[in-house]
Structures are given as C-alpha cells and as structure tokens.
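Since the structure comes first, as structure tokens, the remarks are kept for the end.
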Amino acid sequence: MAAEEGPTLEYTPTWVVAVVCSVIVAISLAVERLLHYTGKYLKKKNQKPLYQALQKIKEELMLLGFISLLLTVFQARIAKICIPENLANKWLPCKLTDASSSSSTTTHFQTLFTSFIPRRLLAEETTTSTGYCAEEGKVPLLSLTALHHLHIFIFVLAVVHVTFCALTILFGGAKIRQWKHWEDSILKKENDPEEVLKTNFTQVQDHDFIRNRFLGIGKDSALLGWVQSFFKQFYGSVTKTDYLTMRLGFIMTHCRGNPKFNFHKYMIRALEADFRKVVGISWYLWLFVVIFLLLDVAGWHAYFWIAFIPFILLLAVGTKLEHVIIQLAHEVAEKHAAIAGALVVQPSDDHFWFHRPRIVLLLIHIILFQNSFELAFFFWIWVQYGFDSCIMGEISYIIPRLVIGVFVQFVCSYSTLPLYAIVTQMGSSFKKAIFEEHIQEGLVGWARTAKKNKGLRKAANGSTTTQGSTTHASGQMSPKETTPLAIQMNEVSAMEEGKAGEIATATLYDGHR
C-alpha cells in the first residue's frame, strides 16, 4: 500500500516538510494580517458597516475551511461508499460516448490548472477505492478526483461571489455618491435666509416630478405605467427632481423636526449596512447550489435556462422600484391641484411587494449570488476541463450565458442598486442607520439598562410585600412607573425595528446639532 501511495512522512526529507509548511503558513498569515489591518483601517475611519461586512467575509472563509476539513477527513470513507454501476450511469453531465473524445483535452487543462494553482491533493490515486468497490461488483459513489474538483469549485464560487458583491457595491456606491452635490445644493439653499423666508405655492401639475412621473405615458393606463417603469430603469433611473422630492417626503415623515437632515449620508450608511447581508452566502443559497448541480444533466442545458433567473429577477426588481416612484407621484397629483410650500410625497409600505420593502434586498442577494454562480461555474469548467469539454456545452448556449451575466452585473451596479438605495426609504419605517453610530449605541444601552432596572424593581417589590399587597400596589403604581419605561422601550424598539416615531425628531436633532 505504501509503495502505491508514495512515501509517508517517515521517509520524506525534513527540509521538504519544513519548506512546504513554511510556504503554507506564510500565505495564511499574510492573508490573515491583510484582513486584520483592513479591519483596523475601517474602524479608524468609523466604517462600522463595512467592518461588519469584512467580519462576514471572515465567517465565509471559516466556513470554507470547515468544508475543506470535512472533505479531507472523510475523503477515504466517501470514496469507499459503493453503488451499483447502473446508478452511476444515470444523470451524467456528459454522455459516456463523449468521455473518450474529450479525455486528452481534459487531461491537458487539468495539468495547466494545477501548474498555476497549488494543488493540495485530497488523495494520491483512485485505484484503491476503485479496486475496493470492484471486488463487490460496484463503483465508488464519488471518486477522489471528482471530490477534489468539487472542493475547488466550492472555493471558486465563494471567492467569485464575494468579489462580485464588492464590485457591485463599489460601482453602485460611486453612482450614489454622484448625488451628493444635489444634497449640498439643498443644504446651501436652506441656509440662505431669503430662501427660508419665502412662502411658495406649488402648482402640482407643473412640478417637474409630476410631469415626469404622472403626466403623459401611464396616466390613464396601469399597464402603460408598468411599461414606462420597465424602460425607465435603463436610462435616468433617478433624476435630481426624483431625489429632491423623495428626500423631502422622507424627512417630513420621519424627522420633521430636523429639516437639515443629511439624507444622502443616511443612504450611504444604510447601503453599507445592507452590504454585510448581501456579501454572505445563506443556507438557502447553498440549497440553490445543490439544486443547480443536480440539474446539470447532459442534454438538458440547465445552466442556460438558469441564467435567465437572475436576469428576470433583475428586470422585475428594477421595474417595481421605478413603479413605486410613479405611485408616489400619482398619490399627490390625484389629491392636490396646488399646495402651499414644496411638494411632499407620502412614504408607505403599501407600494412594495407584500408591504415589505426588505424583500427587495433579499431578491438582490439572490440575483448577485446566482449570477456569481453562473460565471464561477463557467470559468471553473474552462480552466479545469477546457473550453471544448462536453460539460461546457455548445457555443450557442455559452455566449448568451456570458452576455446575460455581464448585463446583470452592469445593470445591477449602475441602476438597480442606486434605485434600491433611495426607493426603499419610501416605506412606512426607517432603518436604524438613520441614527449616527454613537446615538445607536447609546439608545441600545439605554434600553438594556431600563429593562434591567424594571426587572430589579419587580423582584424587589415581590420580596418585600405579600401577594395581595403586591397586586394592589402594582395596580396603583403602574401608571407612574411602568408607563415611562414602556414609552422608553417602545421608542428604542422603534429605532431597532425602523418604526417611525417621535424619537426620530428629538434624537436626530440632538445628534446633528
């Protein structure tokens, strides 16, 4: 056995062991230090949401390490699980007749792949497991070579997903930061005494927001309104008038007492907080991976059809977000002909699917992951088996998949993500990013202290009075003692859950003063 598998550590030169360990440890420490100093830099810059996203990436790396450990520990046992040969010949990615014709190309690209990427072999040869099952007239459930390729694919998928999510947030954030000069112009205008003293009357039908979003196409037809929303996502998805109107609607609904609230900075904070959720790979996404791998059967062209899932979801999300803006314009235009002051829209959860704006973030998460899966699978097959491999598929199916993948990545970065950042603020609630970091920490600490004190008072009352007197006393004292605490807890809960309340007015004003 030892002669077939090669020498063990007992007969391996010590300098070889030392060199290999040194290289592996050096690379691992370099990556760990890079992540560590990146985290320190983000904390220094008070970028807590991005720091939390970095922690999420570390969690994903730890999960990959655990998967790698499981594959390494159980490789021998998996390879010795035997199944009948007729089961092993069903649901194959490549037909058995194609195996001999592509074997030379596959071997060439496997050699090329392992020459560029250090290959940590899961096993030396597959002859042992094959011979073990052959004695029983069966075949291995999964060969060691296939197990190693699966190991590489999981790693490539995770790296591509994290990279593409980071690029999407980077490019989308750059687009959103272009709106900063709109915010600056508003704040400058509000600081002008002459502008503040002016009392203007707005003719609703003449307002740019109403003309662009209510008048013309879609006014009398709901279907035409959806058609307009579909095409609007590809050009000028958010205009200056849209930004100014939605900004004012948010401020008048959630923080009326602070008209100088920096809406743009709040959007950036909220987007960075959402990035931490998008960059991770949730359990349902791993379930998608398993289903996709199951459907990769020769002749089904499953990955061609799967490529349309993120494509269709992206178009649906972009259309819905644009239609929310149209609905906001319709509500104002149908109720008022002229108003005193600026035009104000009314945010509401009723404009979103199932009255939940957070569903949009879930769909964007799925879109980014499925698109990453498509592109990661393509490049993995290309490098591992070669472009002409039977598992790659026909060229007529490959080109559309790549075009769709690039399109989804581009549109999601420059259109859908900026739309999401501003339109999802038009719900009935706000996100806790509305508060500065130090205010969030203070309110959370305040809530914990109030809850703790309430419990101590209840325990003290229970130990010093009888059951009857306690009941009477609690009935007398509840209006005085429990009401302020309940108000405090409701206010802090409103901050955590994003429910609009009076706390937004007082706390925001103090935080920005």
(Q) Can you tell me how far apart CD (Q370) and CG (L285) are? Round to the nearest 0.5 Å. (A) 8.0 Å

(Q) F66: which residues meet the side chain to side chain contact (heavy atoms under 4.5 Å, CB included) condition with it, sequence neighbours left out? (A) L70

Q.
Run the side chain to side chain contact (heavy atoms under 4.5 Å, CB included) test on M267 and Y243 for me, step by step, so that the C-alpha distance in whole Å, both residues' side-chain angles and the decisive distance to 0.1 Å come before the verdict.
A. CA-CA 12 Å; M267 273 199 314; Y243 179 86; 3.7 Å; yes

Q) If you take all heavy atoms of M392 and R401, which pair is closest and at what distance? A) O-NH1, 3.9 Å

Q: List the steps, then state whether side chain to side chain contact (heavy atoms under 4.5 Å, CB included) holds for V290 with L294.
A: CA-CA 6 Å; V290 174; L294 174 66; 5.6 Å; no

Q: Using a cut-off of 6.0 Å, state whether more than 12 heavy atoms not belonging to K180 lie near its atom NZ.
A: no

Q | R77 CZ: over 12 foreign heavy atoms closer than 6.0 Å | A | no

Q. Checking ring pair (Phe, Tyr, Trp, His ring centres under 6.0 Å) against F373, which of W286, F164, F292 comes through?
A. F292

Q) Where the side chain of S389 meets the backbone of G386, is there a donor-acceptor pair that is under 3.5 Å apart? A) no

Q. Side chains of Y284 and H365: closer than 4.5 Å at any heavy-atom pair?
A. yes

(Q) Ignoring hydrogens, what is the shortest heavy-atom contact between P93 and A298? Give both atom names and the distance. (A) O-CB, 3.3 Å

Q | Qualifying residues under side chain to side chain contact (heavy atoms under 4.5 Å, CB included), relative to L248, sequence neighbours excluded | A | M252, A342, V344

Q. Quick one: do D274 and R358 make a salt bridge, cutoff under 4.0 Å?
A. yes

Q: Can you see which heavy atom on Y397 is nearest to which on H301, and at what distance?
A: CE1-CE1, 3.4 Å

Q. Closest heavy-atom contact between W179 and P418?
A. CH2-O, 3.5 Å

**Q.** Euclidean distance, T72 OG1 relative to H148 NE2, rounded to 0.5 Å
**A.** 10.5 Å

Q. Do I391 and D296 come within less than 4.5 Å of each other through their side chains, counting heavy atoms only?
A. yes

Q | Parallel, tilted or perpendicular, as decided by the 30° and 60° cut-offs, for the rings of F234 and F230 | A | perpendicular

Q.
Go through it in stages, so that I can follow the logic: the residues are K265 and E183, the test is salt bridge (Lys or Arg N to Asp or Glu O under 4.0 Å), and I'd like the CA-CA distance, side-chain angles, deciding distance and then a yes or no.
A. CA-CA 9 Å; K265 186 179 293 185; E183 184 76 26; over 6 Å; no

Q. According to the side chain to side chain donor-acceptor pair (under 3.5 Å) rule, which pairs have a member within residues 230-239, sequence neighbours left out?
A. Q233-T319, T239-D242

Q. Is the number of heavy atoms from other residues, nucleotides or ligands within 6.0 Å of CZ (F407) greater than 12?
A. yes

Q) After noting the C-alpha distance and the side-chain angles of F250 and R247, does the key distance pass the side chain to side chain contact (heavy atoms under 4.5 Å, CB included) rule? A) CA-CA 5 Å; F250 179 89; R247 172 191 180 274; 5.9 Å; no

Q: Answer whether the closest heavy-atom distance between the side chains of L295 and W305 falls below 4.5 Å.
A: no

Q | Distance (rounded to the nearest 0.5 Å) between T245 OG1 and I325 CD1 | A | 10.0 Å

Q | Check: H351 and E331 side chains under 4.5 Å, non-hydrogen atoms | A | yes

**Q.** Pi-cation contact, F352 with R356 (under 6.0 Å, within 45°)
**A.** no

Q) Checking side chain to side chain contact (heavy atoms under 4.5 Å, CB included) against I366, which of V317, L361, L313 comes through? A) L313

(Q) Rounded at 0.5 Å granularity, tell me how far CG in L314 sits from CG in N371. (A) 8.5 Å

**Q.** Considering all heavy atoms, the nearest I306-P310 contact
**A.** O-CD, 3.3 Å

Q | Side chain proximity check, Q425 to F263, heavy atoms < 4.5 angstrom | A | yes

Q: Any chance you could measure I152, atom CD1, to L71, atom CG, to the nearest 0.5 Å?
A: 11.0 Å

Q.
Is the distance between the ring centroids of F377 and Y303 under 6.0 Å?
A. yes

Q) Can you check ring-ring contact (aromatic ring centres under 6.0 Å, His included) on F369 and F288, steps first, answer last? A) CA-CA 10 Å; F369 179 79; F288 289 158; 7.4 Å; no

**Q.** Non-hydrogen side-chain atoms of F387 and I398 separated by less than 4.5 Å
**A.** yes

Q: State, without any angle test, whether H149 and Y385 hold a side-chain donor-acceptor pair at a distance under 3.5 Å.
A: yes

Q. Does some side-chain heavy atom of C412 sit less than 4.5 Å from a side-chain heavy atom of L368?
A. yes

Q. Say you draw a straight line from CD of Q346 to OG of S428; how long is it, rounded to the nearest 0.5 Å?
A. 8.0 Å

Q: Determine the minimum heavy-atom distance between D349 and S429, stating which atoms define it.
A: OD1-N, 4.3 Å

Q | Working for side chain to side chain contact (heavy atoms under 4.5 Å, CB included), residues L328 and V332 | A | CA-CA 7 Å; L328 294 173; V332 177; over 6 Å; no

Q) Do I326 and W226 have side chains that get closer than 4.5 Å, going by heavy atoms? A) no

